[in-house]
Amino acid sequence: MIVGFGIDAVDINRIRRWMEDEGLLARFFHPQETKSRGLTAAYSLAARFAAKEAYGKALGTGLKRITLKNILVTNNPNGKPELTLLGDAAIPFERIHGSRIHLSLTHESNMAIAAVILES
């Protein structure tokens, strides 16, 4: 059963500015998420940040008391994005008896968009 849905959009230029500040990257992103530093790094990080925000919206509580870098966005071997919850990010998911997370990411021009569906 679907227990939550969230969507978020992030301006990629905002993330480009953040990339100049290692402290911001360390605050908001898991170290695995910041490994890529090529031309598409800003697109990737923007989509990942949108996923974190969409997760909070899907919970219906926002991201209160959640360390953002504990929401890890990776890609499986086929390229499908996956959301892994660590530490305090897993607590609200467990509270709603969550069993599965669906994630979709996209970017176009200067926007990155993420959608999250939570199942119980």
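From a predicted model like this one, the values you see are computed outputs, not experimental measurements.
Heavy-atom minimum distance, A114 versus L105: CB-CD2, 3.5 Å. Nearest heavy atoms, A50 versus D8: O-CB, 3.5 Å. Minimum interatomic distance between A112 and A47 (heavy atoms only, all atoms of both residues): CB-N, 3.5 Å. Closest heavy-atom contact between I12 and A46: CG1-CB, 3.8 Å.
With hydrogens and angles ignored, the 3.5 Å screen pairs no side-chain donor or acceptor of R100 with any backbone N or O of E119. With hydrogens and angles disregarded, no donor-acceptor distance shorter than 3.5 Å links the side chain of T106 to the backbone of I113. A donor-acceptor pair is defined here as one N or O able to donate and one able to accept, closer than 3.5 Å; such a pair exists between the side chain of D11 and the backbone of N13. Between the side chain of N70 and the backbone N or O of A89, no donor-acceptor pair lies under 3.5 Å.
No single ILVMFWY cluster, assembled from side-chain heavy atoms under 4.5 Å apart, contains both I71 and I117. At a threshold of 4.5 Å between side-chain heavy atoms, the hydrophobic network of Ile, Leu, Val, Met, Phe, Trp and Tyr places L24 and L45 in one connected group.
Taking CZ from R14 and CE from M111, the interatomic distance works out to 9.5 Å, rounded to the nearest 0.5 Å. To the nearest 0.5 Å, atoms CE (M19) and CG (L25) are separated by 7.0 Å. In this structure, the separation between NZ on K80 and OG on S104 is 9.0 Å, given to the nearest 0.5 Å.
Using a 4.5 Å heavy-atom cutoff, the side chains of R16 and N110 are in contact. Proximity of I66 to T61: side-chain heavy atoms (C-beta onward) are nowhere separated by under 4.5 Å. Considering only heavy atoms from C-beta on, L68 stays 4.5 Å or farther from R27 through its side chain. No side-chain heavy atom of T84 sits under 4.5 Å from any side-chain heavy atom of H30. Two residues are said to be in side-chain contact when any heavy atoms from C-beta on lie closer than 4.5 Å; Y55 and L118 meet this criterion. Contact check for E33 versus L72: side-chain heavy atoms found under the 4.5 Å cut-off.
Identified under the ring pair (Phe, Tyr, Trp, His ring centres under 6.0 Å) test for residues 5-29, with sequence neighbours left out: W18-F28, W18-F49, F28-F49. Among residues at least two apart or in separate chains, ring pair (Phe, Tyr, Trp, His ring centres under 6.0 Å) pairs with a member in residues 101-120 are Y43-H107.
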Step by step, would you call K57 with I7 a side-chain contact (heavy atoms from CB on, under 4.5 Å)? CA-CA 7 Å; K57 291 174 181 177; I7 189 168; 5.8 Å; no
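Other residues, nucleotides and ligands place no more than 12 heavy atoms under 6.0 Å from the CD1 atom of I2.
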